Asker: 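Handing you a structure now.
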Amino acid sequence: MDRVNTRDSEVYSSATSLNLLANAGGIHASRRTIYHSAEDLSEIDEKMSEEANLCSETHSNPKQITRFKSVEPKPVSTMFRDGKTTVDFILAWWEPIIKAHLSHEAKAAALSQLTAAKQKRETFERNLKEEGLILEYEFNNRLNFVKIHAPREVLKRYCEILKLRMRMKDFPEKDELFGPHMDLMNEVTSFISKNFLSFVCLDEKVFPKERFQPSAEYSRDRSYLFDDESEDFFSGAIRTLVVDFILERQRFIDDPSSVAAIGIQRLISENVYCAAYPLHDGDYKTAGSLRNLLYVEWAQVGKWIKHQPIDQIKEYFGVKYGLYFAWLGFYTHMLIPASIVGVVCFLYGIFTLHNDTLSNDICNTTKQIIMCPLCDGACDYWKLAETCTYARITYLFDNPVTVVFAIFMSFWATLFLELWKRYSASIAHRWGLTGFTLQAEHPRPQFLTRLSGAKKYRVNVITGVKEPYAPFWTVRVPATLLSFSVVLLLIILAIATVFGVILYRMSVKTVLASLKWVGENEWTTTHTLFLVPTSAAIINLVFIMALNYVYDKLAVYLTELELLRTQTEFDESLTVKIYLFQFVNYYSSIMYIAFLKGKFVGYPKKYNRIFGFRQEECNPGGCLMELCIQLGIIMVGQQTFNTILEMVLPLVYKWWTTLMISTGLESKNESEDVMETMAPRQWTEDYKLVDWGPRGLFYEYLEVVMQYGFITIFVAAFPLAPLFALLNNIFEMRLDAKKFLTFYRRPVPKRAPNIGVWFMILDVLGKLAVISNAFIIAFSSNFIPKLVYRISVSEDHSDRGFLNHTLAYFDVKDFTPPHNTTYKDIDHCRYAEYREPPSGNYKRPLIYWKILAARLLFVVVFQNIVSVVMLAVQWLIPDVPSRLGDQIKHEALLTNELIIKQEAKRASKRARSSSRQDSNLSDGSSSLRHRHEGAVHSSEEIELQEMPGKQNDIV
């Protein structure tokens, strides 16, 4: 590990190369690769070349390959031609056709593009081979494939580079250290689940509970901790993650000055390749694969009451998708108590409907209350009793229990987020994500390429590697300010379109009323029921779609300007921008009804006009009923439409791609008879499926988070919103599962410790809901006016006379009467407002100011009480359960003890080996010394024997 730390402390090289120092023991890598390196073992080149040779010799002599003999052959559709080497990733491209009717210049340009694309593919694939990946080609008539396999040594190397936590192998000491411990709470929970809630629990025979496997950050220096030679050590998700990491960081042009010529996504955008994707592990209708198991046991709507197999979902789709389904399931379970309370609130309104004094007075036809016209000139007077049904329905949602329900939902939102943090902490621990931070994530290739010539570097405090650095004040701040300034401008533009639609409704209302061909009161039905709302909704939809299209394209460009380091930071910044715009698009019309409509209308003598048009008014019972209708239509209708669209569009796409490739898969080298007898190939079946694209789960999260806003921000106006959300999510969960398994390609598994920026958005919505519900209750419902009336006006402190109290008198002589009125003998009309009678010149009475003060006081008291309770809930519920925190610390300690024991054994073996070598050396030197002394002694004896002869010769 000292060598790893030494190498990681070296200067981070340029964005498009790794100039590893020879004495640093660096990784053997292509100079065209972008990643953070780790120590490479000395024998890695030999092992990689050996494995590559073994796989390449498969066709000539398969019997020579002994490494795969112990592996049970997998389906042919997911293998190389040898039937043993797994396909970890697929690249596909179409062979373009140069049409004969083109001009000579057009043909030359097309041929030049074809040659350039071929050169980029060859360079890119050559660099992949230099990284150690094994490639196999399948050439067809037009649609061609490149099958990629990552050998074991490549996986080892990149698991160390990516700092992945891998499961440790079984040691005799591990059972002693990590053995099962008695936990009373877990035992009680398990007993209740098995005996009383068995119908919602997963079948352990189908989804057996996995034994806890301690994990540690993978290092080849500590390979003794891992069973990395086991065939199932590197899961399919790990293999896919490694290959995708390599594909995103390979150059496709040899020229080092082309800093942007990097990554598979750039090649796809240039149509060099048409797709890059990992494979599903088999057909979803054929047994024997995890895909089929999830399709049968999880994706069926009939399994709606069962828990989700979260661990298996994570294993197949990756951590991000596992977290999405875990969060969606947790949110759906939390909707159950909210739905029950909402239904109780609604039932209270039904059972006490005929006891409501206000609606009874409105429906009392004997009072004959004549209301002032709703528009100038063409509109006639009307009777208040005509709104009887409207008033009855309004009471179902605007009753005394509504306030209690709004307070409950504010607490519910806080409790939901706090409990989710605890639950996600346990999931992160179980999936080996504890301690994962954004700084441990590798930089985006686009970030590195744009900073390839950067002069400033700084050391990453997590990895210890020097990285290029974008100056904060001179680069990051101006780019961020520009980005969010454009976002604000587009949000204002979206608000302007809503304002334009409002003006359209007001103007069309006046135009229809003035038309001569419109019969008496016929314009009212046409306006309110069909013509104006429908046309206004269509216009609003057109604006929303156009602005969404422009904004989505612009948001990506603006986010690129911010020079965000990691893909997670990039996705979160992009999510915030798009969500802000979507928030305005979805909620602006609802906020208009809740907080603006009917609040600044004026009175018949002096209406407040906008461009000469009268503002829209609420009914005497308030705008809460209209707000409820708007919420119900948008929330229920939109979710139903989206669900149908999400299931239909992938089917259409699959049909279209199947039609397109029907002529592109004929093999160049095989006859039609051979092609018909070939087993179905998984890569061709997966090519027909929908690609996830760069957004991934963004729109799935967006749909549910927008729903969360409906049931929290405006829940006071629609108590049944949690119930509809619960019913929608039950089907949404299973339909999403079926859609992901049958209509979409298998995604690249990405790491993430939590749901990211979406949690922050949910937290903001929870706080915004407190303020919103306070204002809806205070200003859009009759709760505060009724309360003030009972306390300060009514003699018996009841609601009797409240309707007459809320309607002001107006002298019909003070304004232009309707053109064709049926009410000839009236001298006054009524309107919903707190004003003095004509004798008082229509001024505001004292009761109006009392009610306004009571409304503002209610907002302040409501917000402060709820906020204090929310803070108390957050303080009482820690983010990480204390038992889990202790367990994490205990496991870290035991893992260190295990490492120490294994290092001690390793050192002991080395010491024994060294002592044996020293002993052998000592024995060898001793025998050499004895042989040397014997040789010297023998030579001396010979010399003594020869001495007399020599002496005689001398004499």
Side-chain angles (χ1 to χ4, degrees), residues 358 362 369-384 386-387 390-391 394 398 498-514 523-524 527-528 532-533 536 588-630 717 775-776 778-782 784-785 803-812 814-818 828-838 840-845 847-849 851-852 855-856:
L358 177 61
I362 291 176
I369 300 177
I370 305 300
M371 304 296 294
C372 297
L374 295 175
C375 68
D376 297 333
C379 301
D380 199 358
Y381 303 104
W382 55 283
K383 296 180 180 180
L384 182 60
E386 296 175 4
T387 62
Y390 186 95
T394 300
D398 184 11
V498 175
F499 181 72
V501 173
I502 295 171
L503 289 179
Y504 166 81
R505 294 173 62 177
M506 292 188 295
S507 61
V508 170
K509 175 181 176 180
T510 304
V511 171
L512 287 176
S514 61
W523 69 270
T524 304
H527 167 266
T528 56
V532 175
S588 54
S589 61
I590 300 175
M591 288 184 174
Y592 162 72
I593 297 174
F595 305 121
L596 297 177
K597 183 177 180 180
K599 303 297 187 297
F600 309 101
V601 175
Y603 59 100
K605 187 177 182 180
K606 187 181 179 181
Y607 284 115
N608 297 322
R609 302 176 183 272
I610 300 177
F611 299 111
F613 300 109
R614 275 179 57 180
Q615 298 183 41
E616 295 181 289
E617 300 179 33
C618 296
N619 282 314
C623 287
L624 200 64
M625 181 58 200
E626 186 175 353
L627 179 60
C628 175
I629 295 173
Q630 186 83 354
F775 273 94
I776 289 175
F779 290 92
S780 296
S781 73
N782 288 316
I784 298 299
L803 175 63
N804 186 66
H805 176 72
T806 59
L807 299 178
Y809 289 89
F810 181 77
D811 192 344
V812 297
D814 293 337
F815 78 132
T816 304
H828 71 273
C829 61
R830 309 291 296 272
Y831 61 100
E833 188 61 276
Y834 286 98
R835 289 189 178 273
E836 296 285 353
N841 201 19
Y842 307 111
K843 293 182 178 180
R844 294 288 189 186
I847 191 64
Y848 169 81
W849 301 108
I851 293 175
L852 179 61
R855 283 171 167 168
L856 295 176

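The shown structure was predicted, so the numbers you read here are calculated from the model rather than taken from an experiment.
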Asker: Decide yes or no for R835 and R844: does some side-chain heavy atom of the first lie under 4.5 Å from some side-chain heavy atom of the second?
Answerer: yes

Asker: What are the two closest heavy atoms between H828 and Y809, and how far apart are they?
Answerer: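 Shortest heavy-atom separation between H828 and Y809 comes out as CD2-CD2, 3.4 Å.
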
Asker: Hey, is the main chain of N782 close enough, under 3.5 Å, to the side chain of D398 for a donor-acceptor pair?
Answerer: yes

Asker: Who passes ring pair (Phe, Tyr, Trp, His ring centres under 6.0 Å) against Y842, sequence neighbours left out?
Answerer: Y603, F810

Asker: Do I776 and F595 have side-chain heavy atoms sitting under 4.5 Å apart?
Answerer: yes

Asker: Can you tell me how far apart CZ (R855) and OG (S781) are? Round to the nearest 0.5 Å.
Answerer: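 Between R855 CZ and S781 OG, I get 8.0 Å after rounding to 0.5 Å.
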
Asker: Using the test side-chain contact (heavy atoms from CB on, under 4.5 Å), find all partners of I370 that sit at least two apart in sequence or belong to another chain.
Answerer: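 Result, side-chain contact (heavy atoms from CB on, under 4.5 Å) vs I370: Y381, K383, Y823, I826.
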
Asker: Within the structure provided, determine whether S780 and F775 are in side-chain contact (heavy-atom separation under 4.5 Å).
Answerer: no

Asker: Measuring from atom CG of D380 to atom SG of C372, what distance do you get when rounded to the nearest 0.5 angstrom?
Answerer: 11.5 Å

Asker: Looking at every heavy atom in both L384 and L803, which two are closest together, and how far apart are they?
Answerer: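 Heavy atoms only, the tightest pair is CD2-CD2, 3.8 Å.
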
Asker: So which atom in M371 and which in C829 form the shortest heavy-atom distance, rounded to 0.1 Å?
Answerer: C-CB, 3.9 Å

Asker: Verify side-chain contact (heavy atoms from CB on, under 4.5 Å) between F815 and K605, making sure each step is shown before the conclusion.
Answerer: CA-CA 6 Å; F815 78 132; K605 187 177 182 180; 5.8 Å; no

Asker: Going by the rule side-chain contact (heavy atoms from CB on, under 4.5 Å), which residues pair with P845 if we only count those two or more places apart in sequence or in a different chain?
Answerer: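 Here the qualifying residues are Y834, E836, I847, Y848.
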
Asker: Can you tell me if R830 uses its side chain to pair, donor with acceptor, with the backbone of L807 under 3.5 Å?
Answerer: yes

Asker: Do I362 and I369 have side chains that get closer than 4.5 Å, going by heavy atoms?
Answerer: no

Asker: For F600, does its backbone N or O pair with a side-chain atom of N608 as donor and acceptor, under 3.5 Å?
Answerer: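 It does hold such a pair.
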
